[in-house]
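One structure is given here, and the rest of the page talks about it.
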Number of protein chains: 2
Amino acid sequence: MTTQPAFRRSEPDARRLSLIEACARVLAREGIAGASVRTIAVEAGVSAGLVGHYFPGVDALIAATYAHTGARVDAALEAAVAAATDDPRARLEAYVTASFAAPIADPQLLATWIAFWSLVRARPEIAALHDEQYGGFRGQLEKLLADCGLPANALRRTAIAITALVDGLWLELCLSPHELAADEAAAIARDALARFTSTAPAAG
Amino acid sequence: MTTQPAFRRSEPDARRLSLIEACARVLAREGIAGASVRTIAVEAGVSAGLVGHYFPGVDALIAATYAHTGARVDAALEAAVAAATDDPRARLEAYVTASFAAPIADPQLLATWIAFWSLVRARPEIAALHDEQYGGFRGQLEKLLADCGLPANALRRTAIAITALVDGLWLELCLSPHELAADEAAAIARDALARFTSTAPAAG
DNA sequence: GCACTTGTTGTACGAGCGTCCAACAAGGTT
DNA sequence: AACCTTGTTGGACGCTCGTACAACAAGTGC
């Protein structure tokens with residue numbers, strides 16, 4: 001009888017990525033409380049000890065998972081803008097509504113994202129990643145808004161408002177999926193975008 | 001030499017409340033990962049065993065903390081509306097902007113709130129509390145919006161948009177306090193409210 | 001076929017976890 | 001002053017946690 005190999009070797013980068021993806025799935029399913037080395041290792045189909053071979057500790061794995069997830073989101077948003085027409089308004093709308101289409105509007109990705117939010121205050125290295133990530137969002141939004149002709153003194157506030165709206169819709173999409181569907185969230189975001197970028201600021 | 005009492009008895013309700021408040025502080029400071037029975041007990045100045053005397057388990061304490069925090073938020077919002085004039089618009093604005101004034105716009109309260117978000121997906125009893133809480137928000141908002149003359153078919157979407165915006169601003173206020181201050185968040189919310197409740201929906 | 005590198009496993013360790021519970025003591029009643 | 005109720009403590013229980021590490025084996029070069 002021939003015994004099959006007890007395990008298969010993997011390209012370091014591939015194994016590393018599979019650990020990161022397993023970590024993201026566990027974070028989405030069980031939250032930070034369930035994201036232990038052993039749980040993640042089982043999810044990746046690997047022994048617990050192997051995690052220590054690729055990451056100095058479980059915190060580093062979680063941070064790497066945030067960085068990887070953030071990069072995925074960035075790439076999807078950039079791709080949406082690149083696929084849009086040259087019209088500044090269309091590019092802005094593409095950037096914002098991409099948050100409510102595949103691959104971002106995925107309950108698992110959003111749940112992972114919420115787990116990261118819950119880590120920002122307690123973990124300085126996650127806070128640093130968060131600042132970088134959201135600084136990027138804001139910067140990109142301000143650029144797209146400026147291209148739409150928004151006055152310079154309105155850029156910052158409008159970018160913050162849009163970011164807040166998108167995050168809030170993500171939250172409801174993920175935590176109250178029976179109350180809100182992705183296409184409705186996209187419609188709400190489109191409508192809000194039009195209102196935010198119209199000239200009449202109303203009283204305040 | 002007279003030894004002082006080793007501990008002081010407390011009214012059951014007062015002790016219960018002090019455990020809940022200690023739990024909220026720990027959740028704000030360390031997130032769900034640090035909210036252990038022992039940590040919470042130390043925070044409350046009490047032995048770990050006492051937690052089991054007031055709550056069937058640590059999960060029940062956390063759920064009670066969510067319920068208590070939610071009730072505090074509700075009360076603050078209701079008080080703001082009650083203090084407003086009879087003008088429907090003023091009442092709506094009071095309800096929304098109260099989220100960015102004391103006692104709600106408190107970093108500790110918001111951090112606690114974010115910790116609850118991270119529990120919704122993994123803990124059914126927290127999910128039930130969440131549904132109830134946010135159902136209440138939406139219902140109240142829809143009522144105030146209807147009083148402002150918003151057409152019935154716009155109530156739901158507008159309420160969702162406002163809820164999302166407020167949650168998103170809370171998030172930035174709590175996670176990026178160096179980027180956004182409470183008064184600026186209030187100004188953004190006021191402006192957005194005016195835009196959401198104006199008649200012109202623009203294209204979309 | 002042998003040596004070598006290194007990805008991978010399994011185990012062991014100390015620490016912290018939630019929960020339980022016998023013993024203690026504070027405060028009120030009689 | 002004796003008593004009772006019960007809030008409170010502190011330790012013990014079995015478990016899971018993160019980490020470290022020796023042993024093993026897969027793949028590579030020769």
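FYI, side chains are in, hydrogens and waters are out, and symmetry mates aren't considered; it's all heavy atoms of this structure. Quick note on labels: first sequence line is chain A, next is B, and so on, each numbered from 1.
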Sequence neighbours left out, what passes side chain to side chain contact (heavy atoms under 4.5 Å, CB included) with [X]? Give chain and number order.
| X | value |
| --- | --- |
| B:Ala48 | B:Val37, B:Arg38, B:Ala41 |
| B:Arg157 | A:Glu184, A:Ala187, A:Ile188 |
| B:Pro151 | B:Asn153, B:Ala154 |
| B:Ala105 | B:Ala182 |

Fill in: Check ion pair B:Arg121-A:Glu30 (N to O, under 4.0 angstrom)
no
Worksheet item: Got a sec? Which of residues 20-34 of chain A come in under 4.0 Å of DNA chain C, heavy atoms?
Response: none
Worksheet item: Closest to the A:Arg15 side chain: D:dT8, C:dT19, C:dT8?
Response: C:dT8
Measure the distance from [atom1] on [X] to [atom2] on [N] and round it to the nearest whole Å.
| X | N | atom1 | atom2 | result |
| --- | --- | --- | --- | --- |
| A:Leu61 | D:dC17 | CG | P | 14 Å |
| B:Leu19 | D:dG7 | CG | C1' | 12 Å |
| B:His53 | D:dG10 | NE2 | P | 16 Å |
| B:Ile62 | C:dT19 | CD1 | C1' | 15 Å |

Table please: side-chain donor-acceptor pairs of residues 57-76 of chain B below 3.5 Å, with sequence neighbours left out.
| residue | atom | partner | partner atom | Å |
| --- | --- | --- | --- | --- |
| B:Asp59 | OD1 | B:Arg123 | NH1 | 3.3 |
| B:Thr65 | OG1 | B:Leu61 | O | 2.7 |
| B:Thr69 | OG1 | B:Thr65 | O | 2.7 |
| B:Asp74 | OD1 | B:Gln133 | NE2 | 3.0 |

Discussion item. Test of understanding: with salt bridge (Lys or Arg N to Asp or Glu O under 4.0 Å), list the residues that count as partners of B:Glu142, not counting sequence neighbours.
Written reply: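 For B:Glu142 there are no salt bridge (Lys or Arg N to Asp or Glu O under 4.0 Å) partners, ignoring immediate neighbours.
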Worksheet item: Who are the salt bridge (Lys or Arg N to Asp or Glu O under 4.0 Å) partners of A:Glu172, not counting sequence neighbours?
Response: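 Residues passing salt bridge (Lys or Arg N to Asp or Glu O under 4.0 Å) with A:Glu172: B:Arg138.
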Discussion item. Once side-chain hydrogen bond (donor to acceptor under 3.5 Å, both in side chains) is applied, do any residues pair with B:Thr39, and if so which ones, sequence neighbours excluded?
Written reply: B:Ser36
Worksheet item: Taking five pairs at each end of the helix from C:dG1-D:dC30 to C:dT30-D:dA1, what angle separates the two helix axes (nearest 10°)?
Response: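 End-to-end axis angle for the helix from C:dG1-D:dC30 to C:dT30-D:dA1: 0°, rounded to 10°.
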Discussion item. With a 4.0 Å limit, can you tell me whether A:Tyr54 has a side-chain N or O closer than that to the phosphate oxygens OP1/OP2 of C:dG7?
Written reply: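 Answer no for this pair, as no side-chain N or O of A:Tyr54 is under 4.0 Å from OP1 or OP2.
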Worksheet entry | Below 4.0 Å: OP1/OP2 of D:dT16 and any side-chain N or O of A:Ser36 | no
Worksheet item: Residues in ring-ring contact (aromatic ring centres under 6.0 Å, His included) with B:Tyr134, at least two apart?
Response: B:His130, B:Phe137
Distances for protein N/O vs nucleotides 10-15 of chain C N/O pairs under 3.5 angstrom?
none

Item to complete: For the residue pair A:Thr197 and A:Arg89, confirm or rule out a side-chain donor-acceptor distance under 3.5 Å.
Response: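 Yes, A:Arg89 and A:Thr197 have a side-chain donor paired with an acceptor closer than 3.5 Å.
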